[in-house]
**Student:** 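My questions will all concern the structure given below.
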Amino acid sequence: MTTARPRLSWRVRLRRDRSLLLMTVPAVVLLLVFNYVPLFGLATAFQEYDPLVGVWNSEWVGFDQFTRLFADSLFWGALNNTLYLSFVQLVLFFPIPIALALLLNSVISQRIRNFVQSVVYLPHFFSWVLAITVFQQMLGGAGVLNQFLRGNDIGTWDIMTNPHTFALLVTSQAIWKEAGWGIIVFLAALAAINTDLYEAAAVDGAGRWRRLWHITLPGLRGVIMLMLVLRLGNALTVGFEQFLIQRDAVGHEAADVLDTFSFYYGIATGNYSYGAAAGLFKSVISLLLIWGANKLAHAFGEDGLYRR
């Protein structure tokens, strides 16, 4: 017969875990300062904010900023661009880290695997300025590709300044820069799969593809659903610096997304309340998207961000 363990009081638990709690203090402070304290600035979306008089003394205008926002054709153009670019990146970018993780996991040589991981991780640490410069040197008007085409009298290929292919361009840039970093989570999930399952399946005559379909992918399903929920929650955050740098090259009709819209038509013009209204709209829609994606994960029997 087992006896129940006595419940520790909060003072005892505090003394026991004091060192761990102290280690979390810097992270909690950073979270509060950079994520929660700025939420008070959302009040400016309902004001005609004047930085000279501050939030408390600025005129309250209710939903007037949102009325202007929804009547602005530039806002709807930025929203359409955001949704379209998010859809393209979801279809073309999201599966790439999963495929790379599966390929790396199938490599037997640990030395080759470590080398490939280092190579694909490296672009993540480049700034967007450097990443776009690399693409410009390769695909720009005076880049390597067009110099080769001119040298062979083939003509030129307009890529970096073509608004019609801008979605594919920025998705390619995101894949080159971030796909390698995105495989870390999937490699960790693959490492957690019991290798005895592969050995038992091989003994039963299952080939590589059947083991992939019946063992590997089910083992990754929970992580894939979690990352998909997070991706859908950030569907309206397709990037800021990447589009800001290339906006002049392709025009605002193709490159304006909600983040650049808030900057150019809010902060840059001194109309801070208008930019705050656009940012608040994006946050509310993102919250609804992540809630809906989490419900979808529950419908497929996965935990998502939290269990039901």
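The model shown is predicted, which means the values in this text are computed figures rather than measured ones.
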**Student:** Any heavy-atom pair between the side chains of Trp157 and Leu139 that's under 4.5 Å?
**Tutor:**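 SC-SC contact between Leu139 and Trp157 ruled out.
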
**Student:** Does the plane of the ring in Phe263 sit parallel, tilted or perpendicular to the ring in Phe240? Use 30° and 60° as the thresholds.
**Tutor:**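 Rings of Phe263 and Phe240: perpendicular, over 60°.
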
**Student:** Could you walk me through whether Leu232 and Asn294 pass side chain to side chain contact (heavy atoms under 4.5 Å, CB included), step by step?
**Tutor:** CA-CA 9 Å; Leu232 291 176; Asn294 204 65; over 6 Å; no

**Student:** Calculate, to the nearest 0.5 Å, the distance between atoms OG1 and CD1 belonging to Thr216 and Ile193 respectively.
**Tutor:**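 Atom-to-atom, Thr216:OG1 and Ile193:CD1 are 5.0 Å apart.
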
**Student:** Could you verify whether a donor N or O on one side chain and an acceptor N or O on the other, from Gln65 and Arg68, lie under 3.5 Å apart?
**Tutor:**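 Side-chain D/A pair, Gln65 to Arg68: present.
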
**Student:** Within the distance-only criterion (no hydrogens, no angle test), does the side chain of Thr165 pair as donor or acceptor with the backbone N or O of Leu168 below 3.5 angstrom?
**Tutor:**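 Here the side-chain-to-backbone pair does not exist.
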
**Student:** Between the side chain of Asn81 and the main-chain N/O of Asp256, is any donor-acceptor distance below 3.5 Å?
**Tutor:**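 Judged by distance alone, yes, a pair lies under 3.5 Å.
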
**Student:** Side chains of Gln246 and Met160, heavy atoms from C-beta outward: is any pair under 4.5 Å?
**Tutor:**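 Touching, per the 4.5 Å side-chain cut-off.
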
**Student:** Aromatic contact between Tyr274 and Tyr265, with the criterion being ring centroids under 6.0 Å apart: yes or no?
**Tutor:**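 Centroid separation for Tyr274 and Tyr265: 6.0 Å or greater.
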
**Student:** Between atom CD1 of Ile285 and atom CG of Leu79, what is the distance when rounded to the nearest 0.5 Å?
**Tutor:**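 Atom-to-atom, Ile285:CD1 and Leu79:CG are 8.0 Å apart.
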
**Student:** With distance as the sole criterion, is a donor-acceptor pair present between the side chains of Gln47 and Glu59 under 3.5 Å?
**Tutor:**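 No, Glu59 and Gln47 have no side-chain donor paired with an acceptor closer than 3.5 Å.
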
**Student:** I want to check something: taking the side chain as every heavy atom from C-beta on, are Tyr272 and Thr44 in contact at a cut-off of under 4.5 Å?
**Tutor:**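 Side-chain contact under 4.5 Å: no.
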
**Student:** Could you give the distance from CD (Glu253) to CZ (Arg247), rounded to the nearest 0.5 Å?
**Tutor:**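 So the gap between those two atoms works out to 8.5 Å.
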
**Student:** Is there side-chain contact between Met138 and Leu145, with heavy atoms separated by less than 4.5 Å?
**Tutor:**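 SC-SC contact between Met138 and Leu145 ruled out.
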
**Student:** Do Lys282 and Thr237 get their side chains close enough for a donor-acceptor pair, meaning under 3.5 Å?
**Tutor:**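 The answer is yes; a qualifying pair exists.
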
**Student:** Can you check ring-ring contact (aromatic ring centres under 6.0 Å, His included) on Phe46 and Phe66, steps first, answer last?
**Tutor:** CA-CA 8 Å; Phe46 304 94; Phe66 294 94; 5.5 Å; yes

**Student:** Please determine whether the number of non-hydrogen atoms from other residues, nucleotides or ligands lying under 6.0 Å from atom CH2 of Trp209 exceeds 12.
**Tutor:**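 Open.
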
**Student:** Over 60° means perpendicular and under 30° means parallel, so tell me whether Trp176 and Phe126 are parallel, tilted or perpendicular.
**Tutor:**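 Ring orientation of Trp176 relative to Phe126: tilted.
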
**Student:** Can you find a heavy atom in the side chain of Phe281 that is under 4.5 Å from one in the side chain of Val284?
**Tutor:**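 Of all side-chain heavy-atom pairs linking Val284 with Phe281, none is under 4.5 Å.
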
**Student:** Would you mind reporting whether Thr269 and Tyr264 have side-chain heavy atoms less than 4.5 Å apart?
**Tutor:**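 They are not in contact (no side-chain heavy atoms under 4.5 Å apart), so the answer is no.
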
**Student:** Does Phe94 belong to the same Ile/Leu/Val/Met/Phe/Trp/Tyr cluster as Ile175, with side-chain heavy atoms less than 4.5 Å apart forming each link?
**Tutor:**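 Phe94 and Ile175: one cluster.
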
**Student:** So how far is it from Leu228 CG to Leu90 CG, rounded to the nearest 0.5 Å?
**Tutor:**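 It comes to 6.0 Å.
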
**Student:** Would you mind reporting whether Phe135 and Leu169 have side-chain heavy atoms less than 4.5 Å apart?
**Tutor:**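 Of all side-chain heavy-atom pairs linking Phe135 with Leu169, at least one is under 4.5 Å.
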
**Student:** Any donor-acceptor pair under 3.5 Å linking the side-chain atoms of Thr161 with those of Asp158?
**Tutor:**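 On atom types as modelled, these side chains qualify, holding a pair under 3.5 Å.
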
**Student:** So, do Asn162 and Val250 sit near enough that their side-chain heavy atoms are less than 4.5 Å apart?
**Tutor:**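 Sidechains of Val250 and Asn162: no contact.
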
